[in-house]
Amino acid sequence: MKPLNNLLVVLGLSMSLFFCYSPNAAAVVQKQSPADSQPAYAIPGDRWLEIDLYWFEQKDIAGSVRAFWDRFQPLYAGVQGYRGVILNVGWTVGCVMEWSGDPAQRISLPHGSGEQHWVDMRGPLRGTTQERQWAAQERFAKPQISPHRGYDPWTYGDLKTVASALRQEAALRGIPGLKVGILNYAWTHAYGEEAPWVGRHREAFTAWPALPPGGSDFSPYFDPNARLHADLATLGGLPHGIPEGMPAHEAYAAQWGSLSKAVGLDAVMLRDSFGMPVPYQRRGPWGPLAPSPEVIHQATAGVAALVREIKKANPQALVMMYSNAASAVADWRANGLDLEAVAKEGYLDIFVDQTWAGAWNEVGLRQTDFWNNPLLGWTYQLGYLLLHAAILADTHVRHYPLVETFDAWEDWDVIHTAPQRLRWGIWAYSHAGVKTPRGLKLPAGSYISWANQGKRLLDADDVRFLAENLNATLADARQTREVFGPTLVYSRESMQWQIDHAAPHQDVKEWIDEQAASVMKWPVPILSATRVEWLPQVEADLFVLQSPSHLTAEHAAYITRLITQGHPIAIFGAPVEAAGNEIARLGGLAAGNGPGEDHSTLRWAKLTDASPAPALHVPPDFRTLYRLQKNEAAKETHVVYDVDGNPVLVLNTADGKRVAMWDPPDAVFKGQAPLAEDWGGSGGAYALAAGALNSLLSGPGVLHAEHVDLDQTMNVTAWRAGNGVVHILAGNLEEGLRDDADMSRHATLVLPEAWVAARWTDAWGHPPLDVDEHRLKIDLEQSASILLSFCPCVLGK
């Protein structure tokens with residue numbers, strides 16, 4: 001199935017809604033142009049594309065550049081913000097650190113031996129889990145679609161020619177001001193091939209203790225705090241060599257400044273393990289938590305110095321940084337990086353959440369593993385993106401999600417196997433909003449990876465798919481005025497206290513992004529975040545508080561007032577410190593007497609018999625992963641479920657209050673396992689939490705689900721544009737919770753009374769959906785997504 005299918009109407013419908021109130025709407029829509037020419041409207045935001053240098057032909061740079069732009073010109077047409085290309089030049093820091101200042105110097109590059117088995121993949125695998133596992137084996141038994149490719153014998157002068165040619169050809173094609181940069185990751189090797197510079201300076205790379213069996217170990221990593229040994233080799237930025245004891249960040253910055261100016265590079269992307277050494281899981285070099293304030297301060301200081309000195313070495317070039325793909329809260333608590341503090345220094349230009357959700361969520365995309373890493377899947381990346389957005393909201397850093405396609409080294413392919421889920425990701429991530437006192441703040445653009453797989457480029461249909469969806473979603477996002485549903489609340493002051501008192505095994509289950517992302521797998525429409533200090537100045541259908549411990553008196557008093565006034569509030573975190581005494585008393589779940597555990601174990605959870613459970617089909621007893629502590633529930637609360645007799649989820653509606661308090665379970669980043677195993681065996685705890693939030697949303701004026709059903713996962717989000725257009729985005733996203741062949745999913749939404757539309761239209765070719773007594777039934781086939789819209793102008797309003 002081509003990604004183009006059912007997508008030619010995306011641009012038309014989105015723009016017709018965008019101009020719903022415009023007297024020139026018809027003229028605007030008629031001006032639409034083919035995907036291979038300039039669009040009829042300007043595209044707000046930035047757009048970057050990642051490609052490996054090995055794709056270009058050293059002996060025909062000009063021809064390669066023309067072929068690149070023949071394919072990718074439509075992707076940049078009309079884009080108003082930064083337009084950039086990031087080249088992968090052998091992955092490691094070697095290409096920067098070996099630069100001697102001589103353009104004729106050959107760049108040390110890998111031979112491509114670590115590239116994986118690329119096969120033609122089309123559409124999702126179907127059937128039961130066992131049947132899909134068999135189909136995956138058949139998929140990878142097919143011949144390779146594109147030969148592996150190593151690097152030509154590139155010199156730094158050649159790299160300068162490529163960068164210059166890309167900019168010149170772009171300008172000729174109406175894309176002026178193109179920026180060309182390179183990426184580095186912090187590891188010692190390029191998919192198995194160790195970089196030569198590593199052998200000269202192993203002291204620049206810091207290892208951490210081995211991870212448990214099944215864990216991913218990406219150490220050692222380039223440590224900005226490392227001290228280098230003396231090296232008398234003449235270098236471009238260090239003509240007298242490296243003196244003994246020079247900090248690694250100082251040497252890298254000097255080399256980058258020289259290289260970027262000599263070669264003409266406009267940006268450096270600090271990718272995997274720069275800043276956050278342990279990637280792809282909620283942990284750091286020292287284990288699940290950074291062990292002390294001193295360790296955290298040192299780690300942050302090193303990264304801050306690296307970013308600062310890189311920027312000062314070439315102020316005209318942009319400094320970009322990658323997330324570690326897991327919890328944004330864990331950046332500081334586990335990897336020791338205070339991202340907000342680094343951002344507020346003013347030297348970091350761009351931060352990219354590596355939302356490779358499909359590459360981790362989809363099954364049967366890798367030859368060696370049927371299951372990937374579902375705790376980094378679609379809704380998890382939305383949760384992590386939202387918290388990073390809140391962390392960065394009061395800084396000048398431009399924040400993007402990543403748009404995945406296929407991979408230039410690995411074997412997965414999302415754009416051809418799960419295009420409708422990818423489409424959901426493009427739209428959901430582009431509308432992930434932070435509620436600030438100045439209004440909504442949404443992502444500033446997108447970072448697309450990759451452009452190539454061997455010599456195979458994304459084809460014309462792929463480029464059209466990306467351009468149409470990115471153009472339409474960014475145009476719509478810039479007009480978004482309201483995001484409906486619950487709003488996550490980041491509490492820096494609570495996290496600061498935890499940092500100041502950091503110790504091994506001491507946390508308050510503050511992983512709100514990970515917890516909320518688990519809940520979002522059911523139709524609880526979370527698409528926004530804010531900060532605790534902004535609560536008096538923003539509005540939400542429901543505030544979800546992150547472990548509100550050690551708040552200022554002013555902030556604690558405001559939360560108390562919200563609760564007593566009956567505003568829906570949910571509190572996620574360990575009650576031992578998750579709330580002040582008054583907040584805990586009003587919420588109805590407090591820490592009891594007795595020591596808590598310092599690690600999670602599999603336990604039995606049990607529904608209470610007091611009233612019907614807030615989620616359907618949850619068994620009376622289910623397995624879950626808990627780090628147990630003694631909790632006490634107030635008499636007036638309804639205990640939804642307990643773990644080994646200990647209350648962990650309560651609803652308090654006494655005296656007009658509408659509060660849920662949840663002592664959440666843990667999750668294990670097992671890798672190569674279904675999501676249910678990462679959760680301890682069942683999704684029951686998360687479905688019940690979703691049901692509890694849904695019950696707080698129930699009412700005539702708020703979007704919510706008719707019911708939450710453990711067996712019917714579906715992500716739902718909703719927002720309103722400035723012209724009154726309301727959008728509902730829904731996606732069938734999940735893998736690893738059911739093993740049967742029925743991959744369809746179903747949900748019924750209860751619409752606010754003010755949404756009087758009798759029929760909702762879909763932007764992507766599905767038949768219109770009718771509303772019956774304010775109820776909208778959504779049925780999605782396997783991997784499907786839908787974008788429903790209602791324009792008040794249809795009713796003359």
Side-chain angles (χ1 to χ4, degrees), residues 93 181 183-186 206 221-226 247-253 256-257 267-279 284-286 290 292-315 317-354 384-402 434 441 443-444 447 490-496 498-500 502 513 529 531 533:
V93 300
L183 68 85
N184 278 174
Y185 64 23
T206 295
Y221 66 97
F222 183 76
D223 185 349
N225 283 317
H249 58 74
E250 187 177 331
Y252 183 93
W256 162 253
V268 60
M269 163 55 88
L270 303 176
R271 262 191 55 158
D272 310 73
S273 292
F274 266 106
M276 287 151 277
V278 179
W286 312 276
S292 71
E294 293 75 21
V295 162
I296 295 168
H297 174 75
Q298 182 182 25
T300 294
V303 176
L306 177 69
V307 171
R308 183 188 317 119
E309 292 173 22
I310 288 174
K311 187 66 176 179
K312 287 183 174 182
N314 184 354
L318 298 173
V319 183
M320 310 169 73
M321 182 178 281
Y322 228 34
S323 76
N324 86 325
S327 170
V329 179
D331 294 349
W332 201 7
R333 294 288 283 119
N335 266 310
L337 176 65
D338 184 352
L339 177 63
E340 184 173 346
V342 172
K344 284 193 170 181
E345 285 197 6
Y347 300 103
L348 180 64
D349 297 296
I350 293 166
F351 185 80
V352 178
D353 260 277
Q354 55 166 316
Y384 307 150
L385 179 74
L386 282 169
L387 256 287
H388 274 135
I391 289 166
L392 294 168
D394 206 25
T395 76
H396 297 296
V397 172
R398 301 160 93 110
H399 181 208
Y400 316 145
L402 181 145
V434 181
K441 186 174 184 179
Y447 185 93
Y490 172 65
S491 176
R492 179 175 172 88
E493 60 201 56
S494 300
M495 294 304 96
Q496 184 70 65
Q498 296 298 327
I499 295 301
D500 292 342
D513 46 357
R531 297 171 65 103
E533 62 266 32

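Leu270 contributes atom CG, which lies 11.5 Å from atom CD1 of Ile350 (distance to the nearest 0.5 angstrom). With values rounded to the nearest 0.5 angstrom, Arg333 atom CZ is found 5.0 Å from Ile499 atom CD1. Expressed to the nearest 0.5 Å, how far CD of Glu533 lies from OG of Ser491 amounts to 8.0 Å. Remark: Ser292 OG to His297 NE2 distance equals 11.0 Å, nearest 0.5 Å. Taken from CH2 in Trp332 to CD in Glu340, the straight-line distance is 7.5 Å, to the nearest 0.5 Å.
The shortest distance between side-chain heavy atoms of Leu385 and His399 falls below 4.5 Å. Side chains of Ser327 and Tyr384 form a contact here, defined as non-hydrogen atoms less than 4.5 Å apart. Side-chain contact between Asp500 and Pro293 is absent, with no heavy atoms from C-beta onward closer than 4.5 Å. A 4.5 Å side-chain heavy-atom check between Val352 and Ser323 finds every atom pair outside the cut-off. Looking only at side-chain heavy atoms (C-beta outward), Ile296 and Asp338 stay at 4.5 Å or farther from each other. In this structure, the side chains of Tyr400 and Leu402 stay at 4.5 Å or more apart for every pair of heavy atoms. With contacts defined as side-chain heavy-atom distances shorter than 4.5 Å, the pair Phe274/Val93 qualifies. A heavy-atom distance below 4.5 Å is not found between the side chains of Arg271 and Asn184.
When atom types are taken as modelled, the side chain of Asn324 and the backbone of Ala326 share a donor-acceptor pair closer than 3.5 angstrom. Judged purely by atom type and a 3.5 angstrom limit, Asp331 has no side-chain atom pairing as donor or acceptor with the backbone of Met276. With hydrogens and angles disregarded, a donor-acceptor distance shorter than 3.5 Å links the side chain of Asn225 to the backbone of Gln298. Thr206 places no side-chain N or O within donor-acceptor distance of the main-chain N or O of Tyr221, the cut-off being under 3.5 Å. Ser273 places no side-chain N or O within donor-acceptor distance of the main-chain N or O of Ala186, the cut-off being under 3.5 Å.
Listed by chain and residue number, Ala343, Lys344, Leu392, Val397 satisfy the side chain to side chain contact (heavy atoms under 4.5 Å, CB included) test with Thr395 (two or more places apart in sequence, or in another chain). Every side-chain hydrogen bond (donor to acceptor under 3.5 Å, both in side chains) that Lys311 has, sequence neighbours left out, goes to Asp349. Partners of Tyr347 under the ring pair (Phe, Tyr, Trp, His ring centres under 6.0 Å) rule, at least two apart in sequence or in another chain, do not exist in this structure.
Contact detail for Gly302 and Pro224: the closest heavy-atom pair is O-CB, 3.5 Å. Here the closest non-hydrogen pair linking Ala444 and Arg398 is CB-CB, 4.0 Å. Contact detail for Pro285 and Asn335: the closest heavy-atom pair is CD-OD1, 3.4 Å. Residue Ala390 comes nearest to Arg531 through the heavy atom pair O-NH1, 3.0 Å, listed as atom of the first residue, atom of the second, then distance. Counting all heavy atoms, side chain and backbone alike, Ala502 lies closest to Ala290 at CB-O, 3.9 Å. The two residues Gly275 and Val303 come nearest to each other via the heavy atoms CA-CG2, 3.6 Å.
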(message) Working note: His388 + Asp513, criterion side chain to side chain donor-acceptor pair (under 3.5 Å); need CA distance, chi angles, decisive distance, verdict.
(response) CA-CA 9 Å; His388 274 135; Asp513 46 357; over 6 Å; no
(message) The test is side chain to side chain contact (heavy atoms under 4.5 Å, CB included); show your working for Met321 and Leu348 and say whether it passes.
(response) CA-CA 8 Å; Met321 182 178 281; Leu348 180 64; 3.9 Å; yes
(message) The test is side chain to side chain contact (heavy atoms under 4.5 Å, CB included); show your working for Tyr490 and Met495 and say whether it passes.
(response) CA-CA 9 Å; Tyr490 172 65; Met495 294 304 96; 4.0 Å; yes
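Just one residue in the list Asn314, Ile310, Leu306 forms a side chain to side chain contact (heavy atoms under 4.5 Å, CB included) with Val319, and that residue is Ile310.
Classified by interplanar angle (parallel below 30°, tilted 30° to 60°, perpendicular above 60°), the ring pair Tyr322/Tyr447 is perpendicular.
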